[in-house]
Amino acid sequence: MKKLLFVVLPLLLAFVVCAILIFLFSSNKPKGALQATSNLKSKVYLDGKLIGETPLCKCELKDMIAIGDHIIRLVPEKGSFEPFEQKITISSKVLSVINRNFADTGIANASLISLITIPDKQDAQVSVVSFPNGTQVYLDNNLVGQSPLLLKHITDSEHELKLSREGYKDIIVRIRTILGYKLEALVFLGIDPQIATASATLTSTPSSLLQDKIVILDTPTGFLRVREDAILGALEVGQVKPGEKYDLLDEKTGWYQIKLTNGQKGWISSQYAKKQP
């Protein structure tokens, strides 16, 4: 029996020590903070798991998020607004911020700010990607180019980022750049409600509509849903992909009606499409 104990006890002790080391190692894994806000109270899901409601801030050490890429999804508790879903990158010891203003299709806007480490620890960079692209970008009220855009050698301090495009509502985001990091700003512009209302009063003749084509733009999901009617929640009748072209049949505020290759007619959000003569 004593011989058995001499064999078993060291093994048990080694197992316990190993378990403690694994626990300590896993508990010290680098994490980052996450903040999510919206104009409508929304449930927040991370990688399919409910983590709370807006306004949400996983900023305490015990609540922080593991570093790496995640899928965040905001689902409004009221109304028929379509949920917002996007990939977000969490970096160690920094705060990633997402804000969504829910509204009618085409008018809604959102911004997502995250930090990514870069090799040059003495540089601070800002990357701007917008939907639609080709949007004018201002840094501290100075025009610095059009999106998509990468700015290098930015001062390590607070800045104001403004995106502006004709027919869309301006978006202003306060940012804080840090040496050794690239700040990535992903911005979704909403159509200016006044422009949308004005355009809704205009009518097009069938002949002019037939001359126009619709080009699908880049989307966060890599595809765009085609719906039976020009309302959120309408039956999905198909999907189209960025770069594809379709005949324009009709249009309403925030929507284009197109004809698919199989002859099916449907409506798509005009936020992710543009007309071509």
Side-chain angles (χ1 to χ4, degrees), residues 32-59 65 68-90 95-115 127-133 135 147-148 161 163 165 168-175 183-193 196 216-227 230-236 239-242 253-256 267-273:
L34 171 65
Q35 177 179 306
T37 57
S38 60
N39 61 329
L40 299 177
K41 190 172 184 180
S42 305
K43 293 184 180 299
V44 182
Y45 294 84
L46 193 71
D47 301 327
K49 180 182 178 181
L50 179 64
I51 61 172
E53 299 177 336
T54 57
L56 174 143
C57 190
K58 295 290 185 179
C59 303
I65 311 299
D69 292 338
H70 300 272
I71 299 296
I72 189 168
R73 181 178 174 88
L74 274 62
V75 182
E77 294 186 351
K78 295 183 179 180
S80 58
F81 301 107
E82 190 166 344
F84 179 75
E85 182 174 295
Q86 182 61 41
K87 184 181 82 171
I88 186 170
T89 300
I90 301 294
L95 175 66
S96 297
V97 180
I98 182 171
N99 177 67
R100 173 67 168 181
N101 288 319
F102 290 97
D104 293 335
T105 296
I107 298 178
N109 62 65
S111 62
L112 194 156
I113 306 297
S114 56
L115 288 170
S127 169
V128 182
V129 176
S130 71
F131 292 90
N133 59 16
T135 298
S147 64
L161 195 64
L163 278 76
R165 177 168 171 152
Y168 292 82
K169 197 169 183 179
D170 291 353
I171 288 186
I172 297 176
V173 182
R174 296 291 301 179
I175 61 174
L183 184 144
E184 294 188 338
L186 176 62
V187 182
F188 301 81
L189 281 76
I191 297 173
D192 188 332
I216 309 303
L217 303 177
D218 290 337
T219 71
T221 57
F223 64 87
L224 183 62
R225 292 181 175 87
V226 183
R227 300 190 181 277
I231 56 172
L232 285 174
L235 179 66
E236 184 178 321
Q239 294 180 356
V240 292
K241 296 181 179 181
T253 303
W255 296 88
Y256 290 137
W267 295 85
I268 59 171
S269 168
S270 62
Q271 187 173 7
Y272 302 111

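Values below: all heavy atoms of this structure, side chains included; hydrogens, waters and symmetry mates excluded. Throughout, residue positions are numbered sequentially from 1 according to the sequence presented.
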Taking side chain as C-beta onward, heavy atoms only, is [X] less than 4.5 Å from [Y]?
| X | Y | value |
| --- | --- | --- |
| Phe188 | Tyr168 | no |
| Glu85 | Ile71 | yes |
| Leu40 | Lys78 | no |
| Phe84 | Ser42 | no |
| Ile98 | Val44 | no |

Query raised in the report: Taking the side chain from Thr54 and the backbone from Thr37, do they hold a donor-acceptor pair closer than 3.5 Å?
Result: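 A pair under 3.5 Å: no.
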Query raised in the report: Short question: side chain of Thr219, backbone of Gly222 - any donor-acceptor pair under 3.5 Å?
Result: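 At least one qualifying donor-acceptor pair exists.
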**Report entry** Distance (rounded to the nearest 0.5 Å) between Ile51 CD1 and Ile72 CD1
**Finding:**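 Spacing of CD1 (Ile51) from CD1 (Ile72) equals 5.5 Å.
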Query raised in the report: About how many Å separate CG of Leu95 and CD1 of Ile65, when rounded to the nearest 0.5 Å?
Result: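 One finds 11.0 Å between CD1 of Ile65 and CG of Leu95.
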Query raised in the report: Taking NZ, NE, NH1 and NH2 as the nitrogens, is one of them in Glu236 or Arg227 under 4.0 Å from a carboxylate oxygen of the other?
Result: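 Arg227 and Glu236: not salt-bridged.
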Query raised in the report: Can the positive tip of Arg100 be found less than 6.0 Å from the middle of the six-membered ring of Phe102, inside 45° of the ring normal?
Result: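 Yes, a cation-pi geometry holds between Arg100 and Phe102.
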**Report entry** Val226 and Ile268: CA distance, side-chain angles, deciding distance, side chain to side chain contact (heavy atoms under 4.5 Å, CB included) verdict
**Finding:** CA-CA 5 Å; Val226 183; Ile268 59 171; 3.7 Å; yes
Requested in this report: Could you go through the side chain to side chain contact (heavy atoms under 4.5 Å, CB included) check for Val187 and Thr135 one step at a time?
Outcome: CA-CA 10 Å; Val187 182; Thr135 298; over 6 Å; no
Query - By ring pair (Phe, Tyr, Trp, His ring centres under 6.0 Å) - contacts of Tyr45 (at least two apart) - result: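 Counting only residues at least two positions away or on another chain, Tyr45 forms no ring pair (Phe, Tyr, Trp, His ring centres under 6.0 Å).
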**Report entry** Heavy-atom neighbours of Lys169 NZ exceed 12 at 6.0 Å
**Finding:**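 No, because the 6.0 Å sphere around NZ of Lys169 holds 12 heavy atoms or fewer from other groups.
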**Report entry** Distance-only polar pair, side chains of Asn99 and Ser111, donor-acceptor under 3.5 Å
**Finding:**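 No - no donor-acceptor pair under 3.5 Å links their side chains.
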Query raised in the report: By salt bridge (charged side-chain N to carboxylate O under 4.0 Å, His left out), which residues pair with Asp170, not counting sequence neighbours?
Result: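 Per chain and number, Asp170 pairs via salt bridge (charged side-chain N to carboxylate O under 4.0 Å, His left out) with Lys162.
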Report task. Decide side chain to side chain contact (heavy atoms under 4.5 Å, CB included) for Leu50 and Lys43; before the verdict, give the C-alpha distance in whole Å, the side-chain angles of both, and the deciding distance to 0.1 Å. Result -> CA-CA 7 Å; Leu50 179 64; Lys43 293 184 180 299; 3.8 Å; yes
